[in-house]
Number of protein chains: 2
Amino acid sequence: MPPALGDREARREDVSRAVWHVLADKGFGGLTLRAVAAAMGVSTGMLMHYFPTKRALVAHALDLLEKRTAERPRRERPSEGLAALRAMLLDVLPLTSDDTARNRIWVSSWDLALADDALGADQADRYVRMRSGIRPHLEAARDLGELPVTADPEQLAATAVAFVHGLVVQALFDPGRFPGDVQIAMLDGFLASISSPRSR
Amino acid sequence: MPPALGDREARREDVSRAVWHVLADKGFGGLTLRAVAAAMGVSTGMLMHYFPTKRALVAHALDLLEKRTAERPRRERPSEGLAALRAMLLDVLPLTSDDTARNRIWVSSWDLALADDALGADQADRYVRMRSGIRPHLEAARDLGELPVTADPEQLAATAVAFVHGLVVQALFDPGRFPGDVQIAMLDGFLASISSPRSR
DNA sequence: AGGTACGTAACGAGCGTTCGGTATGTAAGG
DNA sequence: CCTTACATACCGAACGCTCGTTACGTACCT
C-alpha cells in the first residue's frame, strides 16, 4: 500500500494553487513551470513528480478551480426564483479580489481553450453545467409569476450567463468604470428587464 | 524623398492579415514570428523590417482589425432606435465564418491584454468606443417610446455589450448549441425584454 | 533494501531578435 | 547617359535565451 496517498492529492492541490496565482498575475502567456515552481519555492522537478506534463498540470488546475469555486462559502442563498438567481450571479461577478482573480483566470484560459479541442470541450461543458444550475431557478420564477408564462428557461439561462460573463469582461478591463455598486445595479436592471410586468 | 511610402503601410497590412490568420487558427499561444512568416511565405527578417518588435506587430494587427471591422460592408442599417441597435449587435455575432474568426481573435487577445497594461488599456478603450456607438441608438429608442423614459442609456449600452459578448463566447465554444437562428432569437428576446411594455 | 520525494543539472527544441549579405531601385554628378 | 552613391527590401543564418522535459543523484521513510 502506498503511504499517505491523501498527501499526494494535497500536494497536487498546492501546485494548482500556485498555478492559479501565476495565471491571475501573468496570464497563460506567462505561465511556465519555472514560474509555478518559484511561486511555491520548489523545483520544476517536483512539479513533474506530480504531473506528467504541463498540459496535465493546467487541466487539473482549471478543473480544481471550478470544483473549489462551487464549494466555496457563498453569500446567503435565497432558495427560490429570481432572488436565488440574483445570488448566483452575484457570486460570479468580480466584486472581491478573489473573484477578480478567479475571473481573470477563466477569461485568460479562453485563448488556450479555443486553440485546444479537449480544453475547449471542457469549457463548453462548464457552460452547460452553469446553465443547468440556473435553469431551475428560472422555472421556479416562472411558476411564481416572476417571469412571463411564455418565458423559455433554457434560452433565458443562456442569456443570463451571457450577460454576467460579458459584464465580467468589461469590469476586468475597466474596474474604475465598473465598481461593485455599478455591477450590482446593472444586474438588478437586467433582472428587472426580464421579469414579468406584474411582478415589478 | 523615400520612394513608395504608401507601399510600406500596405505591406504592414499584409503582415497583419497573416497575424489574423494565425491567431484565428492557433490563438496567441501559437502566434510566433515564424508562423506568421510561413503563413505569408516570407522570412522572419521581413517581419522585423516592418515592425521593430513582436509586440508592435501584435498591437498593429489588433488596431487594424478593429479599424477594418468598422469599415467592412455591413448589413442594411436601420437608422433609428432599437432596430438600429439590433443591426449593430447582429454584426458582432459569429454568424459567418469571418465573424467567427474575428471573435476568436478578440477573445484570445484577452489573455494577453489582461497581463499587459498597455494592451489592456487599448481593450478598455475599445469597449468605451463600442458603448459610445450604441448609446445614441438607445437615446433615440427612448425618445421614440421604445424604451421606458426611466431607462439609463449608458447603463443599457454596457448591458447590451455584455449580453452580446457573453453570447459570443458561449457560441464560440459550443457552435452546435448556438447556431445562427438561436443567437438571433436570443438577441431578439433580449431586445424585447429591455423595451418598454407599450412598444411590445 | 527499496520505494517515495524531491533537487540539480542538463538536453534539445523553439523562441524573439540581430546581423551580414544581396538584390533593386532611386538620386545625383559629370 | 553612364557612373557612383546610398537607401530600401528582403533572405538566411545565427545568437542568446527560455522553454518543457529527462536523467540522475540523494535524503528520507518503512
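All chains are named by letter (A, B, ...) in the order of the sequence lines, taking the proteins before the strands, and each is independently numbered beginning at 1. Computation of the quantities below employed the complete heavy-atom set of this structure, encompassing side-chain atoms and omitting hydrogens, waters and symmetry-equivalent molecules. This structure is a prediction, so every number in the text was calculated from the model and none was measured.
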Exercise. Once you round it to whole Å, what is the distance between C1' of dC10(D) and CZ of Arg12(B)?
Worked result: 16 Å
For this session: Check the pair Asp63(B), Arg126(B) against salt bridge (Lys or Arg N to Asp or Glu O under 4.0 Å), reporting the backbone distance first and the verdict last.
Result: CA-CA 10 Å; Asp63(B) 268 6; Arg126(B) 285 188 196 101; 3.2 Å; yes
For this session: Among the candidates dG16(C), dT18(C), dC19(D), find the nucleotide nearest to the side-chain atoms of Thr32(B).
Result: dG16(C)
Exercise. Ring centroid separation for Phe163(A) and Phe163(B), is it under 6.0 angstrom?
Worked result: no
Exercise. Between dG7(C), dT22(D), dG16(C), which nucleotide gets closest to the side-chain atoms of Met48(A)?
Worked result: dT22(D)
Exercise. Of Tyr50(A) and Arg34(A), whose nearest nucleotide on DNA chain C comes first from the 5' end?
Worked result: Tyr50(A)
Exercise. Arg55(A) has an atom CZ; how far is it from atom C1' of dC19(D), in whole Å?
Worked result: 17 Å
For this session: Measure the distance from CG on Leu47(A) to P on dC6(C) and round it to the nearest whole Å.
Result: 11 Å
Problem set entry | Arg104(B) side chain vs Leu23(B) backbone, donor-acceptor pair below 3.5 Å | no
For this session: Specify the separation, in whole Å, of atom CZ of Arg11(A) and atom C1' of dA5(C).
Result: 9 Å
Exercise. Looking at dT22(D), dG7(C), dA9(D), which one has an atom nearest to any side-chain atom of His49(B)?
Worked result: dA9(D)
For this session: Would you indicate which nucleotide in dT18(C), dT8(C), dT21(D) comes nearest to any side-chain atom of Ser43(A)?
Result: dT8(C)
Exercise. CE of Met46(B) versus P of dC10(D): gap in Å, rounded?
Worked result: 5 Å
Exercise. Just checking Thr44(B): base, sugar-phosphate only, or nothing, at a heavy-atom cut-off of under 4.0 Å?
Worked result: base
For this session: Please work out if Leu31(A) contacts a base, only the sugar-phosphate, or nothing of the nucleic acid, heavy-atom cut-off 4.0 Å.
Result: sugar-phosphate
Seminar exercise, completed: Between CG of Leu33(B) and P of dT18(C) the distance, given in whole Å, is 11 Å
For this session: Take the protein atom NZ of Lys26(A) and the nucleotide atom C1' of dT18(D), then report the distance between them rounded to whole Å.
Result: 15 Å
For this session: Report the relative orientation of the aromatic rings in Phe190(A) and Phe190(B); use parallel for angles under 30°, tilted for 30 to 60°, perpendicular for over 60°.
Result: parallel
Seminar exercise, completed: Heavy atoms of Gly133(B) and Met88(B) approach each other most closely as O-SD, 3.6 Å
Exercise. How long is the line joining CZ of Arg8(B) and C1' of dG25(C), in whole Å?
Worked result: 15 Å
